There are 2 protein chains.
Amino acid sequence: MTRAQDGFAVEAAGALPNPSAVGLVAVIVAATDGEPRALTVRVPGQATGRETGLPAGPLVPEHPTLERGLRAWVERQTQQRLGYVEQLYTFGDRDRQGDDSGGLHSLSVAYLALVREMRSAALAEASWHNWYAFLPWEDWRAGRPATLDGIEAKLLAWAAGASDPKVGRRREDRLGLTFGIGGGAWNEERVLERYELLFEAGLIPEAQGQAGEARVADIATTGRPMAFDHRRVLATAIGRLRGKIKYRPVVFELMPPTFTLFQLQRTVEALSGANLHKQNFRRLVAQQGLVEETDEVTSGAAGRPARLVRFRREVLLERPAPGFRLTPSRRSS
Amino acid sequence: MTRAQDGFAVEAAGALPNPSAVGLVAVIVAATDGEPRALTVRVPGQATGRETGLPAGPLVPEHPTLERGLRAWVERQTQQRLGYVEQLYTFGDRDRQGDDSGGLHSLSVAYLALVREMRSAALAEASWHNWYAFLPWEDWRAGRPATLDGIEAKLLAWAAGASDPKVGRRREDRLGLTFGIGGGAWNEERVLERYELLFEAGLIPEAQGQAGEARVADIATTGRPMAFDHRRVLATAIGRLRGKIKYRPVVFELMPPTFTLFQLQRTVEALSGANLHKQNFRRLVAQQGLVEETDEVTSGAAGRPARLVRFRREVLLERPAPGFRLTPSRRSS
DNA sequence: TCATTTATGCTCAATCTGAGCATTGTGCCG
DNA sequence: CGGCACAATGCTCAGATTGAGCATAAATGA
C-alpha cells in the first residue's frame with residue numbers, strides 16, 4: 001500500500017516503512033497541602049548511577065487506544081487511579097532523546113494525568129516531588145523567585161554572546177517574551193518556552209547528557225535535573241495545565257471530595273505559580289456555580305471555620321465549561 | 001536498557017521493544033475568498049477505488065525533529081511554503097486505523113499547518129477543498145446548518161436506543177454538550193467531540209470502513225467521507241484552530257501581506273464557522289494593535305473603499321499575545 | 001476577655017462587551 | 001449630474017465584568 005504518486009508520498013497509516021521505537025511517558029500530577037507534585041521514579045542514569053525521571057514504559061500493542069493503554073499500565077503499576085488523562089505531546093527529537101537505539105527513530109508520546117491521592121508513594125522507587133524542585137523559576141507565589149537573578153544574568157550573557165548581532169537581537173526578543181526580561185510581563189503559561197530557552201542557552205545539564213553531574217550550585221539556580229529530557233516533558237505538562245485550568249474545571253480532579261474554597265484557591269495557585277485575590281476568587285467560583293455547599297465546616301485550625309464545599313458535577317454538562325481566570329494580586333508570602 | 005523494577009517498567013525512551021509503524025499526517029489549511037480550505041490528495045481506497053484523504057507520509061529518520069521532518073517533506077512535495085506548523089495529536093487507535101499491518105502498532109502523528117497561497121493546487125492528485133464539505137454541520141455562517149435537523153433526529157434515536165437507560169441518559173448529556181441538543185449552546189470549539197459522537201452513533205461511514213460506499217443521501221447530511229480516519233484528524237485541526245485564534249494571532253498566517261479588516265473578519269469567520277459583529281471586530285483589532293494601516297485602499301468593488309492594513313509583526317513580541325474573542329452576532333447570510 | 005486569625009460579605013470605580021445608530025466615500029443608474 | 005445602494009468607518013450607551021479594598025463574622029489561644 002506504500003505508494004508515491006505525483007509528488008505526494010501517500011501512505012496508508014497502517015503500513016509504513018521504518019518502524020520506530022515508541023514509548024509512553026506520564027506526568028502524574030497531584031496537589032497536596034497546597035503544593036504541586038509530580039510522581040517520579042529512579043531510572044538507570046545516562047552518565048552516573050541513577051537519576052530521577054518520569055514513569056515511562058513501552059507502548060503496549062494489546063490496548064485499543066494509546067490512552068487506554070497508558071491508563072491501564074499506570075494504574076496497574078502504581079495502584080493509582082487516574083482520573084483525568086490527556087495526551088500532551090509527542091516528542092521525537094533525535095538528539096534530545098537519551099540515546100539513540102541504532103537507526104530506529106524513537107518517539108515518546110507524553111500524557112498528563114491528574115490524580116487525587118498519593119498512596120503509590122509507598123511504592124519503592126516511586127516518589128512524589130514538588131514540581132518546582134525541577135523548575136524553580138516557575139514559582140512566583142512567594143514573590144519573584146530568587147533564582148531568576150542568576151538566570152537572567154546568564155541568559156543576557158548568552159544573548160550578548162551571539163556571533164551574529166541579528167541572532168543576538170532575536171535572542172533578546174525571546175528573553176523578553178518568555179522571561180519578561182527588559183520590561184516584559186511574566187506569562188505563567190510559557191513554561192515550555194522558558195525551559196527551551198534555558199536549554200538552548202546551555203543552562204540545563206541534560207543538554208549535554210550530564211544530568212547526573214549537575215553541580216549543586218547549578219541545581220540551586222536551574223533546578224534539579226531529570227533523566228533523558230523528562231524535564232521538558234514536565235515543562236510541557238505544567239504549561240498545558242496552567243492554560244487549561246482557566247477554561248476547564250480540571251482542578252477538581254486534584255481535590256478531595258469536599259474542600260474549602262481556600263484549599264481550592266491554594267491548589268490553583270500551586271499550579272499556576274501565582275497568588276490570587278481571595279475575595280475575587282470566591283466570587284468567581286460562586287458566579288460560575290462550580291461548587292455547592294455541604295453542611296459541614298472545618299474546625300481545629302486557627303480562625304473562623306470554613307464551609308466545606310464539593311464540586312458540582314453538573315457543571316460538566318453546562319456550557320461553556322468554565323475554569324478559572326487567573327488574576328494575580330499583590331499578596332505574597 | 002529495558003528494565004522492569006519494583007512495579008515500574010522504566011524504559012529509556014530510546015530503547016523500547018515493540019517497534020511500531022509511525023506516519024505523519026498534515027492538515028494544511030488556507031483561507032481564500034473567505035472560505036476555509038484544506039489540502040487533500042487522492043489515495044488508494046480501502047473498499048472502493050480512490051478516496052479523498054489528507055497528505056500523509058512516513059516518518060523520515062533523517063530529520064532532527066518531527067516538525068522539521070514534516071516541514072521539509074511537505075514543502076518539497078507540494079512546493080508550498082509552510083508558515084505556521086503545530087503538532088496536533090498522535091492517533092494510535094487500533095481499530096480506527098485503515099488497516100492493521102500485522103502486529104505492528106501503528107501511530108499517526110498529525111500536524112496542523114497554515115499557508116498563505118494555494119499554488120500547489122496545480123499539482124496533480126492534490127486539491128483544495130472547503131473543509132465544511134467534510135463537516136457540514138460546523139458551518140453556522142449562514143445560520144443553523146440545515147443538515148443538523150437530520151443529524152439531531154438520528155442522534156436522538158441513537159440515545160433512545162441504548163439498551164441500558166443509564167447509558168441512554170449519558171448519551172443525551174453528550175448530545176447537549178456537543179450539539180446543544182436540548183437547550184444547550186453551540187460551542188464552536190467542540191468539533192472533535194461532535195465528530196466522535198457521530199462516529200459512535202454510526203453516522204460516519206468510515207466507522208465501518210465504508211468510506212467509499214457512502215450514499216449520496218448520507219453525504220448530504222453527514223458530509224463527504226475521507227480515507228482512513230482522516231476526517232477525525234481534520235476535526236481535531238479545526239477545533240484546535242478555532243480555539244487558538246482566540247488567544248494567538250495565527251490568522252495572519254492565512255492572510256496576504258496586506259488586506260482589509262473585513263477580509264480579516266471573513267477569514268476569522270470562515271475558521272470559526274460563525275459570524276461576528278463588524279464594528280466590534282474592528283474595535284478589537286484596533287485596540288489590540290494587531291494591524292497597522294498602509295496608505296493604500298481598495299477600489300473597484302461596490303461601496304466605500306476600504307483601507308488596506310498589514311499585520312504588525314511586533315505584536316508577537318508583546319504580551320500577552322492576543323487573538324480574537326469570538327462573539328457571534330445575529331447577522332446571517 | 002481580648003488579640004489574632006481566617007472566612008465571608010459588600011462596595012466601587014474602571015474597563016470591557018454587546019448592540020445599534022450615524023456618517024462618509026464609492027460605483028452605478030437613470 | 002443627482003440620487004441610490006453599498007460598504008467602511010466613527011461613535012454612543014447600557015449592562016456586565018474586573019481589580020481592589022473595606023468591613024464584619026466566627027473561631028482559637030493567651
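Just so we're on the same page: letters track the sequence lines, and every chain starts at 1. Because the structure is a prediction, the values reported are computed rather than measured.
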All ring pair (Phe, Tyr, Trp, His ring centres under 6.0 Å) counterparts of F311(B), not counting sequence neighbours: F252(B)

Salt bridge (Lys or Arg N to Asp or Glu O under 4.0 Å) contacts touching residues 249-258 of chain A (sequence neighbours left out): R116(A)-E253(A)

Side-chain donor-acceptor contacts of residues 299-309 of chain B below 3.5 Å, not counting sequence neighbours, with atom names and distances?
{"residue": "R307(B)", "atom": "NH1", "partner": "T294(B)", "partner atom": "O", "Å": "3.2"}

Euclidean distance, atom CD of residue Q263(A) to atom P of dT6(C) [Å, nearest integer]: 14 Å

By ring pair (Phe, Tyr, Trp, His ring centres under 6.0 Å) - contacts of Y89(A) (at least two apart): F91(A)

d(CZ, R266(A); C1', dA7(C)) in whole Å: 13 Å

Any residue meeting ring pair (Phe, Tyr, Trp, His ring centres under 6.0 Å) with Y132(B), in chain and number order, not counting sequence neighbours: none

Enumerate all atom pairs, one protein N or O and one N or O from nucleotides 10-15 of chain D, separated by less than 3.5 Å.
{"residue": "dG10(D)", "atom": "O6", "partner": "Q279(B)", "partner atom": "NE2", "Å": "3.3"}

For atom NE2 of H277(B) and atom P of dC21(C), their distance in whole Å: 10 Å

Atom pair distance, as rounded to whole Å: CZ in F262(A) and C1' in dA27(D): 16 Å

Position toward the 5' end of DNA chain C (nearest nucleotide), G300(B) or A306(A): A306(A)

Geometric class of the W137(B)/F179(B) ring pair [parallel <30°, tilted 30-60°, perpendicular >60°]: tilted

Distance in angstrom units between K278(A) NZ and dG21(D) C1', rounded: 14 Å

